[in-house]
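Throughout, protein chains are lettered first and strands after them, A, B, ... in sequence-line order, and every chain is numbered starting at 1.
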Number of protein chains: 2
Amino acid sequence: MESKLLAKRPVLSKSEMEIARVLWGLGEATAREVTEALPKGRKLDFSTVQTYLSRLENKSYVKSKLVGRAKVYRGSVKPQQVVREAVDDFVKLLFGGEKVPLVRHLVSEAGVSKEELAELRELIESMEREQDNVDID
Amino acid sequence: MESKLLAKRPVLSKSEMEIARVLWGLGEATAREVTEALPKGRKLDFSTVQTYLSRLENKSYVKSKLVGRAKVYRGSVKPQQVVREAVDDFVKLLFGGEKVPLVRHLVSEAGVSKEELAELRELIESMEREQDNVDID
DNA sequence: CCGTTTCAGCTACATCTGTAGTTGAATAGT
DNA sequence: ACTATTCAACTACAGATGTAGCTGAAACGG
């Protein structure tokens, strides 16, 4: 029941999130490297990426060290955590905080293959099993 | 594989989405009614709500008709649809478009009760069954 | 050595967002 | 009829966002 008592990091904007994800994928990287690792079709100027990385650093999502003359960035918060927060906010906003309706939406609104369904069923079954062992986090 | 070819409505901001959801809940409503229907603890000035409703109207998410001197608003796009778009964007942004990882995240990261798990399993099973009937959309 | 590239660190700037105030007309209360 | 209330329509405005340009120093190619 961890309510919202602790002052959080400011939320990430879309673009910032995009960059953060690329950085997570690379582990460590300079602005240049992040720029080059952008997904096909997504063009951003080097200096734009620089800006986002700075903003990420101000918001304390990444830190940097100087290596030679260039800054090497890396995440300073676990992706897991960032994603969880983002998902929570999203669920709160669109589904009044209820996860199940979102899952329902995701699963029913087309686009989930037979294999994926099977995988999800597995997952759920394993969660159900896990719940029997009163597994207190 | 409906790519992004058709010019879409501009995306909704958080506050706009909030208001849209209230309006959907009411079906039809004036700015005053929406203001009063805000969830407990969420205070917004009447004129703020008015502003959001106008913005929603400009973005073509709602339409209005004059009844007496007051505007009565109602959604002009199916919530279903708006939610789908929002979810799609979100999934694209945080999970590279893959729904399954999001579902995984939602289901595993605590907070889903035994009953809900059962419900979801049902849902998935029914989807699996449904897939056997080559149910072409 | 000297031009070219490439950084970090600033600055810029149009939009969008969150939130509300102002004004003039219509209406309701008395 | 006068006043208080309530709208729609417009204005306001600071802060966030998306995106990039400029500057001076450092390093690199030849």
[atom1] of [X] versus [atom2] of [N]: gap in Å, rounded?
| X | N | atom1 | atom2 | value |
| --- | --- | --- | --- | --- |
| A:N58 | C:dG9 | CG | C1' | 12 Å |
| A:L56 | D:dT17 | CG | C1' | 13 Å |
| A:F46 | D:dC22 | CZ | P | 15 Å |
| A:Y52 | D:dG21 | OH | P | 13 Å |
| A:L53 | D:dA20 | CG | P | 14 Å |

Heavy-atom protein contacts under 4.0 Å, nucleotides 25-30 of chain C, coded B base, S sugar-phosphate only, - none: BBS---
Ion pair check, [X] and [Y], cut-off under 4.0 Å:
| X | Y | result |
| --- | --- | --- |
| A:R104 | A:E98 | no |
| A:R84 | B:E109 | yes |
| A:E18 | A:K14 | no |

Which pair of heavy atoms, one from [X] and one from [Y], lies closest together, and at what distance?
| X | Y | result |
| --- | --- | --- |
| B:L23 | B:G75 | CD2-N, 3.9 Å |
| B:E116 | B:G111 | OE1-O, 3.8 Å |
| B:A29 | B:V34 | CB-CG2, 3.9 Å |
| B:V112 | B:L106 | CG2-O, 3.6 Å |

Any N/O pairs under 3.5 Å between the protein and nucleotides 9-14 of chain D? List them or say none.
residue, atom, partner, partner atom, Å
D:dA9, OP2, B:K71, NZ, 2.9

Close approaches to DNA chain C from residues 14-41 of chain B, in residue order (heavy atom, under 4.0 Å):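 Contacting residues: B:K14, B:S15.
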Spacing of OH belonging to B:Y73 relative to CD belonging to B:E33, to within rounding of 0.5 Å: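 Between atom OH of B:Y73 and atom CD of B:E33 there are 12.0 Å.
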A:L12 CG to A:L56 CG distance, which is reported to the nearest 0.5 Å: 6.0 Å
side-chain contact (heavy atoms from CB on, under 4.5 Å) between B:F90 and A:V87, intermediate numbers included: CA-CA 9 Å; B:F90 184 75; A:V87 171; 3.9 Å; yes
Any B:K59 side-chain N or O less than 4.0 Å from OP1/OP2 of C:dT17: yes
Passing candidate, salt bridge (Lys or Arg N to Asp or Glu O under 4.0 Å) with A:E57, options A:K71, A:K63, A:R9: A:K71
Touch class at under 4.0 angstrom, heavy-atom based, for A:T48 against every strand present: base
